[in-house]
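Letters A, B, ... mirror the listed sequences (proteins, then strands); counts begin at 1.
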Amino acid sequence: MAGFDKVVTSYAEALEGLEDNMTIIAGGFGLCGIPENLIKEIKRRGTKGLTIASNNAGVDGKGLGILLEDRQIKKMIASYVGENALFEAQMMSGELEVELTPQGTLAEKMRAGGAGIPAFFTATGYGTPVGEGKEVRVFNGREYILEEALFGDFSIAKAWKADRYGNLMFRKTARNFNPMAITAGKIAVVEVEEIVEVGQLDPDEIHLPGIYVNRLIQGTFEKTIEQLTVRSA
Amino acid sequence: MAGFDKVVTSYAEALEGLEDNMTIIAGGFGLCGIPENLIKEIKRRGTKGLTIASNNAGVDGKGLGILLEDRQIKKMIASYVGENALFEAQMMSGELEVELTPQGTLAEKMRAGGAGIPAFFTATGYGTPVGEGKEVRVFNGREYILEEALFGDFSIAKAWKADRYGNLMFRKTARNFNPMAITAGKIAVVEVEEIVEVGQLDPDEIHLPGIYVNRLIQGTFEKTIEQLTVRSA
Amino acid sequence: MALSREQLAQRVAQEFHDGFYVNLGIGIPTLAANYIPEDMQVMLQSENGLLGMGPFPLEEEVDADLINAGKQTVTMVTGASLFSSAESFAMIRGGHVDLTVLGAFEVDCQGNIASYMIPGKLIKGMGGAMDLVAGADNIIVTMTHASKSGASKLLAECTLPLTGKGCIKRVLTDLALMDIVEGKFVLRERARGVSVEEIAKLTAGELVIPDNVPEMRF
Amino acid sequence: MALSREQLAQRVAQEFHDGFYVNLGIGIPTLAANYIPEDMQVMLQSENGLLGMGPFPLEEEVDADLINAGKQTVTMVTGASLFSSAESFAMIRGGHVDLTVLGAFEVDCQGNIASYMIPGKLIKGMGGAMDLVAGADNIIVTMTHASKSGASKLLAECTLPLTGKGCIKRVLTDLALMDIVEGKFVLRERARGVSVEEIAKLTAGELVIPDNVPEMRF
């Protein structure tokens, strides 16, 4: 790697330095736009004691769900974990610590982590279990709670297209948490469907500049659909 | 206007309801990407006592500078006002109140206003005149100050292309403060170079969704260059 | 007679206005999209990053990269836009969505809502619901008025963990449409053939019954 | 002899590393872009929303929509990206820029910097400077060591309103390169033909002089 070329050629290299008890910020919503091969590599590495922030925890046997099988996740920060029986079992038994975080607050906590904002106020969660123990302050007659930023040792994310400098474009709703997740990790690792030469992406259409990306790898994706719903013609 | 069609056909209509002593959030950086015709319409209307948040205050005779001539601006929230002799004179004489705000804090205050974040912490300005009177709090061993969101009665901004629903694309560095400014105003008015039919913009390439835009107008622009700098071949 | 799911959806759709940006929760709220009047434009926001959600795809249109907040495959309407989750919730939290419709386990006459957790039984998470109720001025909660055993879900005070505090102003149940005004449920409409007395019996929170409570019309 | 503007820019460029994202302030810092070694890639961030700033345009390339933070017309290099001011300062505040170079009126040995205002005289505003000094770990301040009348600008305590507190670790003047370590200036290099004594005389803040202070090499 010289200059701004972020491309690595193996998943082992992509996650080099990932160690037990680290924190990972992960992109994806359900199984849509998840870094599936990076997750598989974490399973292969057998890294334990992980704290993972991601909107969902995958399903049984897919996505982050596969990291539950060998109990690699110590703590999960997520907004919705209802799709995963193994997750529920580990949570109920207390093996797995869970910090339920409202979806918008989770997105904003990731953005804040990447943007040098250590904390912000939001009305979301005021007066609910989410607000317990958090500072409440009134602005313009309304109560807000203080939420702190999220930072990761690593970010793992999935984009659609990238150039070799790590400039990224996402596709449809596979964008979701990916851009913010990338900004919030000390080492941001992104897998993409296609890597193009530098200069092939229109600078005005880049969704996330390569400055946030440390390592880039091209992968092939299963793209499992959770709820296949169709209409008839 | 029916449904989501945001197009208005006159500048008078575009700024209908703008009254004395209102607050306006304006896009633009220097004279780049400024809503020049909306500013001219404010001058024509003669609206007084305005509070305007904008990174710069234009130059003499251009941009927001023309609103100084008839003393329409009561207070300016800006990061840099060094290009404007009339501004400096009115500021020094105390006719014009100025709240100097760091550029990044200004951008974030606008974003926060649009995003339902009433306040956030930033290290920017800690220990400087900007931090005076503001709450200081330590996170991870570093001091940060609390900054509050900005809201406007109106936003005025300039984009490149729009569809009739107000979905926007910006061009090059004329994007600058425009997207955030638009989100922070109760009535967001945007002027553009071109209005295309709905469906002509790729949903993945829209920079700002039309939900933030209330009124849209097509204009012609002078695009004055402040510092023409060229190299020879 | 209690409203069917379809009737609930139909009644929700009566709250739509031309040009409204609307977020519809999973279940009955989503069904309301089927009842948007033909002469009216409504744009659906899906909090996973889509404004302008269309119907389910034809089989050949299915795209794993295009789903709604319920993880169902969907389509986009003409004029749709796509964005990140941070942008999506900036939109929601910042009050830019005109109407939010979502379900609940319980609502009380203080405007509190409980919809995401039954301790010891159901801990799936709040998803975007807490942001939606905190961000919207205009919310309709759709729910059944009482449990199968006849226990009211319209309470003086919610018993389950809250999703939002003091943010609900309108509730549509299978029996009635109610506003929440100054700490009281105010009965606005009743389902066809459902008496005011029956509604009163199944409403545990304080209830105001105006002189005239019309039946819902579809 | 005191460094010329070009030599200052050259010395700044020695701090660049291959693959660095750099923000260069107006004036001498901007000149440093002319001295990027040929075998090295450096990408320039312009805080008005451009990563990958290129040289000034040819006359026929001039585009009013493409300027730098000094409002000068510029170009983009291959691989550039464009974004909003909020995104730009997320990048800066979040510490993603590898090196920031900017000018100053005064610096003190506590790492404080004053660069934006002379009360009663010059009130143009801080622009992005406060965000840049607060957001970067790696900052070089370029300035003249003393005023024309010989008053030191490297002080025990800044006299002008601060741009940032305790954030400066390295200062390059026309006479010397200094680090700021534990409340003291540490002399690292001196301009060719400038004596340690001369530097000491013009440095008002506490100064540490190591045994060996090499001359700068270009």
Under 4.5 Å from a heavy atom of chain D, the part of B:I225 involved: side chain
Toward chain D, the part of B:M110 with a non-hydrogen atom under 4.5 Å: neither
Charged N-O contact under 4.0 Å between B:E108 and D:R93: yes
Interchain contact, D:N112 with chain B, by part (heavy-atom threshold 4.5 Å): neither
B:E226 CD to D:Q72 CD distance, which is reported to the nearest 0.5 Å: 11.0 Å
For the student: nearest non-hydrogen atoms of B:M180 and D:S85, plus distance: CE-CB, 3.7 Å
Approximate separation, where rounding is to 0.5 Å, of D:S84 OG and B:F29 CZ: 13.0 Å
Intermediate values then yes/no, salt bridge (charged side-chain N to carboxylate O under 4.0 Å, His left out), B:E143 and D:K165: CA-CA 10 Å; B:E143 292 91 353; D:K165 194 174 163 68; over 6 Å; no
Gap between atom OG1 of B:T122 and atom CE of D:M130 - 0.5 Å precision: 11.0 Å
Choice from B:S79, B:A107, B:G131, B:G125 maximising heavy atom contacts with chain D below 4.5 Å: B:S79
Nearest heavy atoms of B:T105 and D:D131, plus distance in Å: N-OD1, 3.3 Å
Greater than 12 external heavy atoms within 6.0 Å of D:E182's CD: no
Structural part of B:N178 lying under 4.5 Å from a heavy atom of chain D: neither
Interface residue of largest heavy-atom contact number with chain B, from D:M126, D:M117, D:K71, D:E47, under 4.5 Å: D:K71
Under 3.5 Å donor-acceptor, B:T229 side chain and D:T73 backbone: yes
Proximity breakdown for B:S232 and chain D, heavy-atom pairs closer than 4.5 Å: backbone
Neighbour count above 12 (heavy atom, 6.0 Å) for B:K186 NZ: no
Top contributor to chain D contacts, counting heavy-atom pairs under 4.5 Å, from B:A233, B:G127, B:P179, B:P129: B:P129
B:D60 CG: over 12 foreign heavy atoms closer than 6.0 Å: yes
Which atoms of D:E61 approach chain B - backbone, side chain, both or neither, heavy atom under 4.5 Å: side chain
D:I67, part contacting chain B, at a heavy-atom distance under 4.5 Å: both
Test item: B:T173 side-chain N/O and D:D65 main-chain N/O as donor-acceptor pair under 3.5 Å: yes
Whether over 12 other heavy atoms sit under 6.0 Å from B:Q218 CD: yes
Structural part of B:E88 lying under 4.5 Å from a heavy atom of chain D: side chain
For B:M92 against D:K121, the heavy-atom pair lying closest together: CE-O, 4.2 Å
Closest-packed option against chain D by number of heavy-atom pairs under 4.5 Å, given B:L31, B:N55, B:N56: B:N56
Closest non-hydrogen atom pair, B:K172 against D:D63: NZ-OD2, 3.1 Å
Inter-residue atom distance D:L66.CG - B:R171.CZ, 0.5 Å rounding: 8.0 Å
Atom group of D:T163 that falls short of 4.5 Å from chain B, counting heavy atoms: backbone
Partner chain D: residue of B:C32, B:A123, B:G30 with the largest heavy-atom pair count (under 4.5 Å): B:C32
Taking every non-hydrogen atom, the tightest pair across D:P55 and B:R231: CG-NH1, 4.0 Å
Heavy atoms from other residues, nucleotides or ligands near CD of B:E69 exceed 12 (cutoff 6.0 Å): yes
CD1-CD distance between D:I92 and B:Q103, expressed to the nearest 0.5 angstrom: 7.5 Å
Separation between CZ of B:R142 and SG of D:C167, rounded to the nearest 0.5 Å: 7.5 Å
Exercise: identify the closest heavy-atom pair between B:G104 and D:F89: CA-CG, 3.2 Å
